[in-house]
Asks: 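Once you've had a glance at the structure underneath, I'll fire off some questions.
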Amino acid sequence: MCGRTACTLAPNELSRAARYQDRTGQPHRPRWKDRDTDKYRPSYNKSPQSFSPVLLSNRHFNKDAPVDECVLAAMRWGLVPAWFRENDPSKMQYNTSNCRSESLLEKKSFKDPLLKGQRCVILANGFYEWRQTEKEKQPFFIYFPQSQGGQVPSQQNAQKTKSDQSLDQGESDQDDSDWTGWRLLTIAGLFDSWTPPCGGETLYTYTVITVDSSPNLQSIHDRMPAVLDGEDEVRRWLDFGEVKSLEAMKLLQPKSSLTFHPVSSLVNNSRNNSPVSTVQPTASSKMMTSWLKTASPTKRKNPDEDTSAKAPEEKSAAEKQTKPAGPLLQWLLGSGSRKKPRT
């Protein structure tokens, strides 16, 4: 299963990190749909009902767009079928945050979007899963292994570039610099659009497709998200014009290319949307440390950071302190021995 994720990149960083290839192999930087950046909030602890970034074909929104042209959208986690007749989606009697790959064609809620080509890719730093022990459940953070040399551009380069401005104005989707920061986890999903029977704004929602766990994750849980590993798998999953549904389903396989490490039990409560210390710092955390030290603090939103209630003297003291590498660094670092992440 998959019931909790983390996605901490700012909207412009997501656009760079989610670069994709079209059918010809040409790279593109996806635009955000409409005002969806207003709906998305970076978070260390995303749970169902929250809005997450997804990548999908622009043809779903613009019938004249090429099928292999992609956009970013903020969608609510937990699929609401287009045929749901209540005016309040929270009145659904069943859980649609996950769907099993083996039964996609058996349940109408998932079969209809699948056959309509309504496939999407959920983007995240990684996801959480819990291992049952004798006394308690131990949470783990699971993600793609990160390049040891990976880092974001310098603070000067992190400022808004001409390419960023062109993208905002809809003039260009190209960026000369490759993304060298955190490699996002790309998860296969389905989405649907629902409009209240009484009228109102259309709500876009998604579900995470799950498969049997890969051998290296079976000790944690028997199910895992259907991860798409590499740009070609992402392209084939999203290109519903070239790759039909039954063919696309062959991509839904367990992946052994993930790594993981234990994290604090603070993550057990979805209301704890803040960095949590790892039980065991990992070797791949070194890359993340380097990345966070060079990242511009002005470019990334800190989830749940509210300084408005601080007293003036507290604000002054905080401003005089040297800026830390970042809260995500605190999340990855903690006490204990440095062991390599499991792969």
Asks: Quick check against the 3.5 Å criterion: does Trp182 have a side-chain atom that pairs as donor or acceptor with the backbone of Asn125?
Replies: yes

Asks: Which residues pass the salt bridge (Lys or Arg N to Asp or Glu O under 4.0 Å) test with Arg235, not counting sequence neighbours?
Replies: Asp232, Asp239, Glu242

Asks: In this structure, are over 12 heavy atoms from other groups packed under 6.0 Å from Glu201 atom CD?
Replies: no

Asks: Which value, rounded to the nearest 0.5 Å, describes the distance between Asn87 atom CG and Thr195 atom OG1?
Replies: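 Reported to 0.5 Å precision, the distance equals 11.5 Å.
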
Asks: Do you see a donor-acceptor pair shorter than 3.5 Å between the side chains of Arg223 and Thr210?
Replies: yes

Asks: I'd like to know whether Leu258 forms a side-chain contact (heavy atoms from CB on, under 4.5 Å) with Val227, so could you lay out the CA-CA distance, the side-chain angles of the two residues, the decisive distance to 0.1 Å, and finally the verdict.
Replies: CA-CA 9 Å; Leu258 303 182; Val227 172; 4.0 Å; yes

Asks: For the pair Asp192 (side chain) and Ala82 (backbone), establish whether a donor and an acceptor sit closer than 3.5 Å, ignoring hydrogens and angles.
Replies: yes

Asks: Hey, are Thr202 and Ser193 close enough side-chain-wise for a donor-acceptor pair under 3.5 Å?
Replies: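 Looking only at side-chain atoms, Thr202 and Ser193 do not form any donor-acceptor pair under 3.5 Å.
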
Asks: Give a yes or no answer on whether the side chain of Ser15 reaches the backbone of Pro30 with a donor-acceptor pair at less than 3.5 Å.
Replies: yes

Asks: If you measure from CD on Glu69 to CZ on Arg23, what distance do you get to the nearest 0.5 Å?
Replies: 12.0 Å

Asks: Would you sort out whether Leu105 and Leu114 count as a side-chain contact (heavy atoms from CB on, under 4.5 Å), showing the intermediate values?
Replies: CA-CA 8 Å; Leu105 295 174; Leu114 176 66; 3.6 Å; yes

Asks: Within a 6.0 Å radius of atom NZ on Lys39, are there more than 12 heavy atoms belonging to other residues, nucleotides or ligands?
Replies: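 Yes, because the 6.0 Å sphere around NZ of Lys39 holds more than 12 heavy atoms from other groups.
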
Asks: Could you tell me whether a side-chain N or O of Glu136 sits under 3.5 Å from a main-chain N or O of Thr133, the two making a donor and an acceptor?
Replies: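 Absent.
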
Asks: On the 0 to 90° scale, with breaks at 30° and 60°, tag the Phe191-Tyr204 ring pair as parallel, tilted or perpendicular.
Replies: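 It falls in the tilted class, 30° to 60°.
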
Asks: Check this for me: does any side-chain nitrogen of one of Arg183 and Asp229 sit under 4.0 Å from a carboxylate oxygen of the other?
Replies: yes

Asks: What is the minimum heavy-atom distance between Ala65 and Asn58, and which atoms define it?
Replies: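 Between these two residues, the closest heavy atoms are CB-ND2, 3.6 Å.
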
Asks: Between the main-chain N or O of Pro145 and the side-chain N or O of Thr259, is there a donor-acceptor pair closer than 3.5 Å?
Replies: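 No; zero donor-acceptor contacts below 3.5 Å.
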
Asks: Could you check whether any side-chain N or O of Gln132 sits under 3.5 Å from a backbone N or O of Trp130, counting only pairs where one atom can act as donor and the other as acceptor?
Replies: no

Asks: In chain order, what residues pass the side chain to side chain donor-acceptor pair (under 3.5 Å) check against Gln218, with sequence neighbours excluded?
Replies: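 Gln218 satisfies side chain to side chain donor-acceptor pair (under 3.5 Å) with no residue once adjacent residues are dropped.
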
Asks: Under the side-chain contact (heavy atoms from CB on, under 4.5 Å) criterion, do Trp194 and Thr205 qualify, and how do the steps go?
Replies: CA-CA 8 Å; Trp194 170 82; Thr205 59; 5.8 Å; no

Asks: Nearest 0.5 Å, what's the CG-OG1 distance between Asn95 and Thr207?
Replies: 8.0 Å

Asks: Would you say the side-chain atoms of Asn45 and Ser43 include a donor-acceptor pair closer than 3.5 Å?
Replies: no

Asks: Looking only at side-chain N and O atoms, does Ser219 offer a donor or acceptor that is under 3.5 Å from a partner on Arg131?
Replies: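 Per modelled atom types, Arg131 and Ser219 side chains form a pair under 3.5 Å.
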
Asks: Roughly how far, to the nearest 0.5 Å, is the CD1 atom of Ile187 from the CH2 atom of Trp237?
Replies: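 These two atoms lie 12.5 Å from each other.
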
Asks: Give the ring-plane orientation class for Phe141 versus Tyr128, where under 30° counts as parallel, over 60° as perpendicular and anything between as tilted.
Replies: tilted

Asks: Is the side chain of Arg59 donor-acceptor paired with the backbone N or O of Leu56 at a distance under 3.5 Å, no angle test?
Replies: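 The answer is no, because no donor-acceptor pair under 3.5 Å joins these two groups.
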
Asks: Please determine whether a side-chain nitrogen of the Lys or Arg among Lys255 and Glu233 lies less than 4.0 Å from a carboxylate oxygen of the Asp or Glu.
Replies: yes

Asks: Mind checking the NZ-OG spacing from Lys116 to Ser245? Nearest 0.5 Å is all I need.
Replies: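 Spacing of NZ (Lys116) from OG (Ser245) equals 12.0 Å.
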
Asks: Could you measure the distance from the CH2 atom of Trp83 to the OG atom of Ser109? Nearest 0.5 Å is fine.
Replies: 4.0 Å

Asks: Using the rule given for side-chain contact (heavy atoms from CB on, under 4.5 Å), can you reason through Lys33 versus Leu72, listing the C-alpha separation, both sets of side-chain angles and the distance that settles it, and then say yes or no?
Replies: CA-CA 6 Å; Lys33 169 185 170 290; Leu72 282 167; over 6 Å; no

Asks: Centroid separation under 6.0 Å, is that true for the rings of His221 and Phe140?
Replies: no

Asks: Could you tell me whether the side chain of Thr8 and the main chain of Pro42 form a donor-acceptor pair under 3.5 Å?
Replies: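 Such a contact is absent between Thr8 side chain and Pro42 backbone.
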
Asks: Tell me the closest heavy-atom pair linking Met249 and Ser101, and the distance in Å.
Replies: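 It is CE-O, 4.0 Å.
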
Asks: Any side-chain heavy-atom pair from Ser257 and Phe144 closer than 4.5 angstrom?
Replies: yes

Asks: Only one of Cys99, Pro48, Cys2 passes side-chain contact (heavy atoms from CB on, under 4.5 Å) with Val208; say which it is.
Replies: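 Option passing the side-chain contact (heavy atoms from CB on, under 4.5 Å) with Val208: Cys2.
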
Asks: Is it true that a side-chain atom of Arg4 and a backbone atom of Val267 form a donor plus acceptor pair closer than 3.5 Å?
Replies: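 Indeed, once roles are kept as given, a pair shorter than 3.5 Å links the two residues.
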
Asks: Can you tell me if Lys46 uses its side chain to pair, donor with acceptor, with the backbone of Cys7 under 3.5 Å?
Replies: no

